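If you're wondering where the values come from, they're calculated on a predicted model, not measured in any experiment.
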Amino acid sequence: MAARVEAALGEHSPWAADLCAALMGRPLGLWALLTVPRLAQQLRREPAFVAAFESDWPPVLRCPVLTPERMRPAPLGLDHCAVPVLTGFGEVAAWLGLDTPDLEPYVACPPRQRRADLAWQHYRWRWWPKPAGGVRLLEVPRPRLKALQRRVLDDLLDRLPVHEAACGFVRGRGLMDHATLHAGQAVLLHFDLRDFFGSVPAARVHAVFATLGYPPGVCRVLTALLTSRVPEPVLQRLRDEGLIDWPQAQRLRDAHLPQGAPTSPALANLCAFGLDLRLDGLAHVLGARYSRYADDLVLSGPPALRARAAAIEGRVGAIVREEGFRLNHRKTHVGTQAGAQRVCGVVVNQQPNLPRRDFDRLKALLHRCTVHGPAAQNTAGAPDFRAHVMGQVGWAAQVNPAKAVRLQALLARIDWGR
(Lines give C-alpha, C1' and ligand atoms only; values in the text may rest on other atoms or scores of the structure.)
Protein backbone atom coordinates (compact mmCIF):
# COMPACT_ATOMS: atom_id res chain seq x y z
CA MET A 1 0.00 0.00 0.00
CA ALA A 2 2.86 2.38 0.81
CA ALA A 3 4.40 1.61 -2.59
CA ARG A 4 1.11 2.48 -4.30
CA VAL A 5 0.98 5.80 -2.40
CA GLU A 6 4.52 6.69 -3.43
CA ALA A 7 3.85 5.67 -7.03
CA ALA A 8 0.80 7.94 -7.09
CA LEU A 9 2.79 10.87 -5.67
CA GLY A 10 5.79 10.20 -7.90
CA GLU A 11 8.32 10.53 -5.13
CA HIS A 12 9.58 8.84 -1.95
CA SER A 13 7.53 9.88 1.09
CA PRO A 14 8.82 8.81 4.51
CA TRP A 15 5.42 9.42 6.11
CA ALA A 16 3.59 6.99 3.75
CA ALA A 17 4.65 3.85 5.63
CA ASP A 18 3.38 5.19 8.97
CA LEU A 19 0.08 6.25 7.47
CA CYS A 20 -0.50 2.89 5.75
CA ALA A 21 0.42 0.97 8.89
CA ALA A 22 -2.18 2.94 10.84
CA LEU A 23 -4.83 2.32 8.20
CA MET A 24 -4.08 -1.40 8.04
CA GLY A 25 -4.92 -1.68 11.73
CA ARG A 26 -8.56 -0.98 10.95
CA PRO A 27 -10.99 -3.96 11.02
CA LEU A 28 -11.70 -5.71 7.75
CA GLY A 29 -15.40 -4.94 8.00
CA LEU A 30 -14.74 -1.18 7.90
CA TRP A 31 -12.64 -1.54 4.75
CA ALA A 32 -15.46 -3.44 3.03
CA LEU A 33 -17.81 -0.50 3.65
CA LEU A 34 -15.42 2.34 2.76
CA THR A 35 -16.61 5.02 0.37
CA VAL A 36 -14.60 7.97 -0.92
CA PRO A 37 -16.13 10.49 1.56
CA ARG A 38 -15.64 8.12 4.51
CA LEU A 39 -12.04 7.43 3.48
CA ALA A 40 -11.41 11.18 3.35
CA GLN A 41 -12.87 11.61 6.83
CA GLN A 42 -10.70 8.83 8.20
CA LEU A 43 -7.56 10.26 6.62
CA ARG A 44 -8.22 13.67 8.16
CA ARG A 45 -8.44 12.03 11.60
CA GLU A 46 -5.21 10.02 11.23
CA PRO A 47 -2.30 11.53 13.22
CA ALA A 48 0.15 10.19 10.63
CA PHE A 49 -1.68 12.03 7.85
CA VAL A 50 -1.77 15.31 9.78
CA ALA A 51 1.90 14.94 10.74
CA ALA A 52 2.81 14.43 7.07
CA PHE A 53 1.95 18.06 6.29
CA GLU A 54 4.11 19.23 9.18
CA SER A 55 7.14 17.18 8.08
CA ASP A 56 10.10 18.25 5.99
CA TRP A 57 8.58 16.46 2.97
CA PRO A 58 4.88 17.41 2.96
CA PRO A 59 2.55 15.90 0.35
CA VAL A 60 2.19 17.86 -2.89
CA LEU A 61 -1.11 17.71 -4.77
CA ARG A 62 -0.34 16.80 -8.36
CA CYS A 63 -3.79 15.83 -9.62
CA PRO A 64 -7.05 14.79 -7.96
CA VAL A 65 -7.60 11.04 -8.25
CA LEU A 66 -10.56 10.64 -5.86
CA THR A 67 -13.83 12.37 -6.62
CA PRO A 68 -16.93 12.45 -4.40
CA GLU A 69 -19.42 9.72 -5.15
CA ARG A 70 -22.72 10.78 -6.66
CA MET A 71 -25.77 9.11 -8.12
CA ARG A 72 -25.86 8.44 -11.83
CA PRO A 73 -29.05 8.99 -13.82
CA ALA A 74 -31.37 5.99 -13.81
CA PRO A 75 -31.72 4.15 -17.15
CA LEU A 76 -34.57 4.78 -19.54
CA GLY A 77 -37.76 3.28 -18.15
CA LEU A 78 -36.74 3.84 -14.53
CA ASP A 79 -36.10 7.58 -14.69
CA HIS A 80 -39.66 8.28 -13.47
CA CYS A 81 -39.19 6.30 -10.23
CA ALA A 82 -38.90 8.71 -7.32
CA VAL A 83 -36.20 6.82 -5.43
CA PRO A 84 -34.34 8.56 -2.61
CA VAL A 85 -31.04 10.25 -3.44
CA LEU A 86 -28.27 8.56 -1.43
CA THR A 87 -24.58 9.16 -2.06
CA GLY A 88 -22.85 7.89 1.08
CA PHE A 89 -23.01 5.86 4.26
CA GLY A 90 -24.06 8.84 6.33
CA GLU A 91 -26.96 9.66 4.02
CA VAL A 92 -28.19 6.06 4.14
CA ALA A 93 -28.10 6.15 7.94
CA ALA A 94 -29.96 9.47 8.06
CA TRP A 95 -32.56 8.21 5.60
CA LEU A 96 -33.18 5.21 7.85
CA GLY A 97 -33.43 7.47 10.89
CA LEU A 98 -30.17 6.25 12.47
CA ASP A 99 -26.83 7.69 13.44
CA THR A 100 -23.86 6.26 11.56
CA PRO A 101 -22.59 4.13 14.49
CA ASP A 102 -26.07 2.64 14.94
CA LEU A 103 -26.22 1.44 11.33
CA GLU A 104 -22.75 -0.14 11.24
CA PRO A 105 -23.67 -3.30 13.24
CA TYR A 106 -26.33 -4.20 10.66
CA VAL A 107 -23.95 -3.96 7.71
CA ALA A 108 -20.77 -5.24 9.37
CA CYS A 109 -18.46 -7.64 7.57
CA PRO A 110 -20.91 -10.44 6.60
CA PRO A 111 -18.48 -13.40 7.00
CA ARG A 112 -17.53 -12.23 10.48
CA GLN A 113 -21.19 -11.67 11.40
CA ARG A 114 -22.03 -15.22 10.26
CA ARG A 115 -19.45 -16.64 12.67
CA ALA A 116 -20.74 -14.62 15.63
CA ASP A 117 -22.66 -16.22 18.47
CA LEU A 118 -26.31 -16.93 17.62
CA ALA A 119 -27.43 -14.56 20.37
CA TRP A 120 -25.76 -11.69 18.46
CA GLN A 121 -27.20 -12.55 15.08
CA HIS A 122 -29.78 -10.28 13.44
CA TYR A 123 -31.98 -13.19 12.30
CA ARG A 124 -33.84 -16.10 13.84
CA TRP A 125 -34.09 -19.40 11.95
CA ARG A 126 -37.07 -21.74 11.71
CA TRP A 127 -37.74 -24.62 9.37
CA TRP A 128 -41.08 -26.05 8.38
CA PRO A 129 -41.73 -29.33 6.54
CA LYS A 130 -42.95 -29.01 2.96
CA PRO A 131 -45.97 -31.10 1.87
CA ALA A 132 -43.90 -32.66 -0.92
CA GLY A 133 -40.92 -33.39 1.32
CA GLY A 134 -37.93 -31.43 2.55
CA VAL A 135 -38.00 -28.31 4.68
CA ARG A 136 -38.45 -24.60 4.11
CA LEU A 137 -35.90 -22.51 6.01
CA LEU A 138 -37.31 -19.22 7.26
CA GLU A 139 -34.80 -16.50 8.13
CA VAL A 140 -36.80 -14.03 10.21
CA PRO A 141 -35.13 -10.67 10.93
CA ARG A 142 -35.26 -9.34 14.45
CA PRO A 143 -37.71 -6.45 15.00
CA ARG A 144 -35.27 -3.55 14.60
CA LEU A 145 -33.69 -4.91 11.43
CA LYS A 146 -37.14 -5.75 10.10
CA ALA A 147 -38.21 -2.13 10.63
CA LEU A 148 -35.19 -0.90 8.64
CA GLN A 149 -35.93 -3.35 5.83
CA ARG A 150 -39.57 -2.26 5.81
CA ARG A 151 -38.40 1.32 5.29
CA VAL A 152 -36.34 0.26 2.27
CA LEU A 153 -39.34 -1.64 0.91
CA ASP A 154 -41.87 1.17 1.33
CA ASP A 155 -39.72 4.11 0.21
CA LEU A 156 -37.56 2.48 -2.47
CA LEU A 157 -38.34 -1.02 -3.73
CA ASP A 158 -42.12 -0.58 -3.99
CA ARG A 159 -41.54 2.33 -6.37
CA LEU A 160 -39.82 0.14 -8.94
CA PRO A 161 -41.81 -1.63 -11.68
CA VAL A 162 -41.62 -5.39 -12.19
CA HIS A 163 -42.53 -7.43 -15.25
CA GLU A 164 -46.23 -7.69 -16.07
CA ALA A 165 -46.05 -11.49 -15.79
CA ALA A 166 -45.08 -11.33 -12.09
CA CYS A 167 -48.25 -11.74 -10.00
CA GLY A 168 -46.86 -12.53 -6.56
CA PHE A 169 -45.97 -9.84 -4.00
CA VAL A 170 -46.94 -7.04 -6.39
CA ARG A 171 -49.36 -4.32 -5.41
CA GLY A 172 -52.57 -4.65 -7.40
CA ARG A 173 -51.87 -8.24 -8.50
CA GLY A 174 -52.33 -11.53 -6.73
CA LEU A 175 -52.82 -15.25 -6.93
CA MET A 176 -56.23 -14.94 -8.58
CA ASP A 177 -54.70 -12.91 -11.44
CA HIS A 178 -52.14 -15.69 -11.85
CA ALA A 179 -54.87 -18.36 -11.97
CA THR A 180 -57.46 -16.44 -14.03
CA LEU A 181 -54.99 -15.83 -16.87
CA HIS A 182 -54.86 -19.59 -17.55
CA ALA A 183 -58.55 -20.42 -17.12
CA GLY A 184 -60.15 -22.36 -19.97
CA GLN A 185 -56.90 -23.22 -21.78
CA ALA A 186 -56.50 -26.58 -23.52
CA VAL A 187 -53.04 -27.37 -22.07
CA LEU A 188 -51.36 -26.11 -18.94
CA LEU A 189 -47.61 -26.50 -18.31
CA HIS A 190 -46.55 -26.00 -14.71
CA PHE A 191 -42.92 -25.47 -13.59
CA ASP A 192 -41.43 -24.80 -10.19
CA LEU A 193 -38.23 -22.95 -9.24
CA ARG A 194 -36.06 -24.57 -6.61
CA ASP A 195 -34.82 -22.45 -3.66
CA PHE A 196 -36.18 -19.28 -5.22
CA PHE A 197 -34.95 -16.79 -2.59
CA GLY A 198 -31.75 -18.65 -1.76
CA SER A 199 -30.81 -18.66 -5.46
CA VAL A 200 -30.58 -14.85 -5.53
CA PRO A 201 -27.00 -13.98 -4.41
CA ALA A 202 -25.85 -10.68 -3.00
CA ALA A 203 -24.18 -9.77 -6.32
CA ARG A 204 -27.57 -9.61 -8.06
CA VAL A 205 -29.02 -7.48 -5.28
CA HIS A 206 -26.01 -5.17 -5.60
CA ALA A 207 -26.65 -4.96 -9.36
CA VAL A 208 -30.26 -3.83 -8.78
CA PHE A 209 -29.12 -0.80 -6.80
CA ALA A 210 -26.25 -0.11 -9.20
CA THR A 211 -28.77 -0.07 -12.06
CA LEU A 212 -30.71 2.64 -10.23
CA GLY A 213 -27.57 4.81 -10.26
CA TYR A 214 -26.45 4.44 -6.66
CA PRO A 215 -22.66 4.70 -6.09
CA PRO A 216 -20.79 1.53 -5.09
CA GLY A 217 -20.62 2.42 -1.39
CA VAL A 218 -24.37 2.84 -1.11
CA CYS A 219 -24.94 -0.38 -3.07
CA ARG A 220 -22.74 -2.30 -0.64
CA VAL A 221 -24.54 -0.89 2.41
CA LEU A 222 -28.04 -1.64 1.07
CA THR A 223 -26.99 -5.10 -0.09
CA ALA A 224 -25.53 -5.96 3.32
CA LEU A 225 -28.71 -4.71 5.00
CA LEU A 226 -31.03 -6.87 2.87
CA THR A 227 -29.08 -10.14 2.51
CA SER A 228 -27.99 -12.74 5.05
CA ARG A 229 -25.65 -15.66 5.59
CA VAL A 230 -26.82 -18.65 7.62
CA PRO A 231 -24.43 -19.32 10.55
CA GLU A 232 -22.47 -22.53 10.71
CA PRO A 233 -24.31 -24.01 13.75
CA VAL A 234 -27.64 -23.71 11.93
CA LEU A 235 -26.24 -25.22 8.73
CA GLN A 236 -24.59 -28.03 10.65
CA ARG A 237 -27.83 -28.99 12.34
CA LEU A 238 -29.69 -28.98 9.03
CA ARG A 239 -26.97 -31.15 7.49
CA ASP A 240 -26.90 -33.55 10.46
CA GLU A 241 -30.64 -34.09 10.26
CA GLY A 242 -30.47 -34.65 6.49
CA LEU A 243 -32.74 -31.70 5.74
CA ILE A 244 -30.45 -30.03 3.16
CA ASP A 245 -27.69 -31.27 0.89
CA TRP A 246 -24.23 -29.78 0.38
CA PRO A 247 -25.14 -27.46 -2.56
CA GLN A 248 -28.06 -26.04 -0.59
CA ALA A 249 -25.81 -25.48 2.41
CA GLN A 250 -23.28 -23.67 0.26
CA ARG A 251 -25.93 -21.33 -1.17
CA LEU A 252 -27.19 -20.55 2.34
CA ARG A 253 -23.62 -20.02 3.56
CA ASP A 254 -23.07 -17.30 0.96
CA ALA A 255 -24.95 -13.98 1.12
CA HIS A 256 -28.44 -14.41 -0.33
CA LEU A 257 -32.01 -13.15 -0.03
CA PRO A 258 -33.45 -14.40 3.27
CA GLN A 259 -36.89 -15.96 3.04
CA GLY A 260 -38.68 -14.13 5.84
CA ALA A 261 -37.39 -10.60 5.27
CA PRO A 262 -40.05 -8.12 4.03
CA THR A 263 -37.77 -6.94 1.20
CA SER A 264 -36.93 -10.34 -0.27
CA PRO A 265 -40.09 -10.86 -2.42
CA ALA A 266 -39.73 -7.45 -4.08
CA LEU A 267 -36.01 -7.94 -4.72
CA ALA A 268 -36.59 -11.46 -6.05
CA ASN A 269 -39.14 -10.09 -8.54
CA LEU A 270 -36.69 -7.41 -9.67
CA CYS A 271 -33.88 -9.95 -10.06
CA ALA A 272 -36.22 -12.24 -12.03
CA PHE A 273 -37.12 -9.53 -14.57
CA GLY A 274 -34.89 -11.10 -17.24
CA LEU A 275 -36.40 -14.52 -16.53
CA ASP A 276 -39.95 -13.19 -16.92
CA LEU A 277 -39.02 -11.27 -20.05
CA ARG A 278 -37.56 -14.31 -21.79
CA LEU A 279 -40.29 -16.77 -20.74
CA ASP A 280 -42.97 -14.29 -21.80
CA GLY A 281 -41.26 -14.06 -25.17
CA LEU A 282 -41.16 -17.86 -25.42
CA ALA A 283 -44.87 -18.02 -24.64
CA HIS A 284 -45.57 -15.44 -27.35
CA VAL A 285 -43.71 -17.55 -29.93
CA LEU A 286 -45.69 -20.64 -28.86
CA GLY A 287 -49.01 -18.82 -28.98
CA ALA A 288 -49.35 -19.37 -25.23
CA ARG A 289 -49.74 -17.35 -22.03
CA TYR A 290 -47.19 -16.98 -19.22
CA SER A 291 -47.29 -15.77 -15.63
CA ARG A 292 -45.30 -16.31 -12.44
CA TYR A 293 -46.36 -16.30 -8.80
CA ALA A 294 -43.13 -16.32 -6.75
CA ASP A 295 -41.51 -19.66 -7.71
CA ASP A 296 -44.56 -21.00 -9.58
CA LEU A 297 -44.25 -20.72 -13.40
CA VAL A 298 -47.20 -21.49 -15.67
CA LEU A 299 -47.53 -21.56 -19.47
CA SER A 300 -50.89 -22.38 -21.03
CA GLY A 301 -52.27 -22.43 -24.52
CA PRO A 302 -53.55 -24.52 -27.46
CA PRO A 303 -53.54 -28.35 -27.74
CA ALA A 304 -50.29 -28.29 -29.74
CA LEU A 305 -48.39 -27.60 -26.51
CA ARG A 306 -49.08 -31.15 -25.32
CA ALA A 307 -46.99 -32.78 -28.03
CA ARG A 308 -44.15 -30.29 -27.54
CA ALA A 309 -44.15 -30.43 -23.73
CA ALA A 310 -40.75 -32.16 -23.45
CA ALA A 311 -39.06 -29.70 -25.80
CA ILE A 312 -40.66 -26.76 -24.02
CA GLU A 313 -39.48 -28.07 -20.67
CA GLY A 314 -35.93 -28.27 -22.00
CA ARG A 315 -36.09 -24.73 -23.34
CA VAL A 316 -37.61 -23.38 -20.12
CA GLY A 317 -34.93 -25.18 -18.10
CA ALA A 318 -32.18 -23.63 -20.22
CA ILE A 319 -33.60 -20.12 -19.77
CA VAL A 320 -34.00 -20.66 -16.05
CA ARG A 321 -30.37 -21.80 -15.70
CA GLU A 322 -29.05 -18.91 -17.78
CA GLU A 323 -30.93 -16.47 -15.54
CA GLY A 324 -29.37 -17.89 -12.39
CA PHE A 325 -32.23 -20.08 -11.14
CA ARG A 326 -32.95 -23.83 -11.21
CA LEU A 327 -36.01 -25.88 -12.07
CA ASN A 328 -37.39 -28.48 -9.70
CA HIS A 329 -38.09 -31.06 -12.42
CA ARG A 330 -40.02 -33.32 -10.01
CA LYS A 331 -42.76 -30.68 -9.88
CA THR A 332 -43.05 -30.19 -13.64
CA HIS A 333 -46.60 -31.09 -14.67
CA VAL A 334 -48.63 -31.13 -17.88
CA GLY A 335 -52.39 -30.71 -17.44
CA THR A 336 -55.16 -31.05 -20.01
CA GLN A 337 -58.92 -30.61 -19.98
CA ALA A 338 -59.25 -34.35 -19.40
CA GLY A 339 -58.25 -33.84 -15.77
CA ALA A 340 -58.24 -31.11 -13.14
CA GLN A 341 -55.98 -28.25 -14.17
CA ARG A 342 -54.71 -26.44 -11.08
CA VAL A 343 -52.76 -23.24 -10.58
CA CYS A 344 -51.62 -22.78 -6.97
CA GLY A 345 -54.49 -24.92 -5.75
CA VAL A 346 -57.16 -23.21 -7.88
CA VAL A 347 -58.97 -25.32 -10.51
CA VAL A 348 -58.91 -23.44 -13.85
CA ASN A 349 -60.46 -25.88 -16.34
CA GLN A 350 -63.27 -23.47 -17.21
CA GLN A 351 -63.15 -20.69 -14.65
CA PRO A 352 -61.34 -20.30 -11.32
CA ASN A 353 -62.92 -22.62 -8.79
CA LEU A 354 -62.19 -24.45 -5.55
CA PRO A 355 -61.33 -28.14 -5.85
CA ARG A 356 -64.42 -30.17 -4.97
CA ARG A 357 -62.57 -32.08 -2.26
CA ASP A 358 -61.43 -28.85 -0.57
CA PHE A 359 -64.94 -27.40 -0.71
CA ASP A 360 -66.50 -30.54 0.79
CA ARG A 361 -63.85 -30.74 3.52
CA LEU A 362 -64.39 -27.10 4.53
CA LYS A 363 -68.16 -27.50 4.43
CA ALA A 364 -67.94 -30.55 6.71
CA LEU A 365 -65.67 -28.67 9.13
CA LEU A 366 -68.13 -25.78 9.37
CA HIS A 367 -71.01 -28.21 9.93
CA ARG A 368 -69.19 -29.95 12.78
CA CYS A 369 -68.39 -26.55 14.33
CA THR A 370 -72.09 -25.66 14.38
CA VAL A 371 -73.13 -29.02 15.86
CA HIS A 372 -70.31 -29.86 18.29
CA GLY A 373 -68.71 -26.46 18.85
CA PRO A 374 -65.52 -25.06 17.29
CA ALA A 375 -63.15 -25.97 20.13
CA ALA A 376 -63.52 -29.71 19.49
CA GLN A 377 -62.62 -29.27 15.80
CA ASN A 378 -59.26 -27.57 16.35
CA THR A 379 -57.36 -30.83 16.01
CA ALA A 380 -54.30 -29.13 14.48
CA GLY A 381 -53.93 -26.82 17.47
CA ALA A 382 -54.21 -23.53 15.57
CA PRO A 383 -53.52 -20.64 17.99
CA ASP A 384 -56.44 -18.61 16.59
CA PHE A 385 -58.86 -21.18 15.22
CA ARG A 386 -61.57 -18.64 14.49
CA ALA A 387 -59.26 -16.56 12.30
CA HIS A 388 -58.04 -19.78 10.67
CA VAL A 389 -61.57 -20.85 9.69
CA MET A 390 -62.61 -17.36 8.61
CA GLY A 391 -59.50 -17.15 6.44
CA GLN A 392 -60.42 -20.38 4.63
CA VAL A 393 -63.97 -19.16 4.01
CA GLY A 394 -62.65 -15.80 2.81
CA TRP A 395 -60.32 -17.54 0.37
CA ALA A 396 -63.22 -19.64 -0.93
CA ALA A 397 -65.27 -16.48 -1.44
CA GLN A 398 -62.42 -14.91 -3.38
CA VAL A 399 -62.07 -17.92 -5.68
CA ASN A 400 -65.81 -18.55 -6.25
CA PRO A 401 -68.16 -16.03 -4.58
CA ALA A 402 -71.36 -17.83 -5.64
CA LYS A 403 -70.23 -21.20 -4.31
CA ALA A 404 -69.00 -19.69 -1.05
CA VAL A 405 -72.46 -18.37 -0.07
CA ARG A 406 -73.31 -21.72 1.56
CA LEU A 407 -70.03 -21.69 3.48
CA GLN A 408 -70.66 -18.17 4.73
CA ALA A 409 -74.14 -19.17 5.92
CA LEU A 410 -72.66 -22.04 7.93
CA LEU A 411 -69.96 -19.74 9.31
CA ALA A 412 -72.59 -17.31 10.58
CA ARG A 413 -74.29 -20.09 12.58
CA ILE A 414 -71.17 -21.03 14.60
CA ASP A 415 -71.27 -20.14 18.29
CA TRP A 416 -67.64 -19.22 18.96
CA GLY A 417 -68.28 -18.97 22.67
CA ARG A 418 -68.90 -22.72 23.01
Side-chain angles (χ1 to χ4, degrees), residues 23 26-45 64-114 122 141 144-162 200-229 254-258 261-271 273:
L23 291 175
R26 298 299 180 91
L28 178 63
L30 295 181
W31 279 104
L33 297 173
L34 272 184
T35 61
V36 171
R38 295 190 72 197
L39 176 60
Q41 293 174 4
Q42 290 193 18
L43 287 175
R44 286 196 293 268
R45 292 196 296 263
V65 294
L66 298 180
T67 58
E69 293 184 309
R70 57 177 60 90
M71 285 191 67
R72 295 177 287 101
L76 185 64
L78 297 177
D79 50 357
H80 68 283
C81 301
V83 298
V85 177
L86 305 170
T87 59
F89 188 90
E91 291 189 11
V92 175
W95 173 59
L96 294 173
L98 299 175
D99 294 329
T100 299
D102 295 331
L103 178 59
E104 286 185 349
Y106 295 102
V107 294
C109 181
R112 181 173 300 169
Q113 176 65 29
R114 183 173 60 84
H122 300 305
R144 195 174 184 192
L145 175 59
K146 187 174 183 179
L148 298 178
Q149 293 175 340
R150 176 63 64 178
R151 176 68 185 275
V152 178
L153 175 65
D154 294 340
D155 294 350
L156 198 162
L157 297 178
D158 273 351
R159 301 181 180 183
L160 305 176
V162 299
V200 180
R204 298 192 70 172
V205 177
H206 187 284
V208 169
F209 296 116
T211 301
L212 295 174
Y214 287 111
V218 173
C219 295
R220 287 194 294 269
V221 172
L222 294 176
T223 300
L225 188 68
L226 306 180
T227 58
S228 73
R229 298 171 182 254
D254 297 333
H256 61 278
L257 285 182
T263 49
S264 292
L267 281 170
N269 279 337
L270 292 170
C271 293
F273 185 89

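For the atom pair CG (Leu78) and CZ (Arg159), the distance works out to 14.0 Å, reported to the nearest 0.5 Å. Distance check, rounded to the nearest 0.5 Å: CG of Leu148 to CZ of Arg150 gives 12.5 Å. We find the CD-CG distance between Gln149 and Leu96 to be 10.5 Å, quoted to the nearest 0.5 Å.
Contact of the Leu98 side chain with the Arg144 side chain is registered, since non-hydrogen atoms from C-beta on lie closer than 4.5 Å. At a threshold of 4.5 Å between non-hydrogen side-chain atoms, the residues Phe209 and Leu86 do not count as touching. A 4.5 Å side-chain heavy-atom check between Thr263 and Leu225 finds every atom pair outside the cut-off. The shortest distance between side-chain heavy atoms of Val200 and Leu267 does not fall below 4.5 Å. Between Pro84 and Tyr214 the shortest side-chain heavy-atom distance falls below 4.5 Å. With a 4.5 Å cut-off on side-chain heavy atoms, Pro75 and Thr211 count as touching.
Taking all atoms of both residues into account, the shortest heavy-atom contact from Pro258 to Ser228 is CB-OG, 3.4 Å. Of all heavy-atom pairs between Trp95 and Leu222, the closest is CZ3-CD2, 4.4 Å. Looking at every heavy atom in both residues, Cys271 comes nearest to Arg204 through O-NH2, 2.6 Å. In terms of heavy atoms, Leu156 sits closest to Leu160 at O-CG, 3.7 Å. Shown here for Thr223 and Thr227, the closest heavy-atom pair between the two residues is O-OG1, 2.7 Å. Here the shortest heavy-atom pairing between Leu153 and Ala266 reads CD1-CB, 3.8 Å.
Listed by chain and number, the residues in a salt bridge (Lys or Arg N to Asp or Glu O under 4.0 Å) with Arg151 are Asp155 (sequence neighbours excluded).
Legend: salt bridge (charged side-chain N to carboxylate O under 4.0 Å, His left out) pairs involving residues 71-93, not counting sequence neighbours: none detected.
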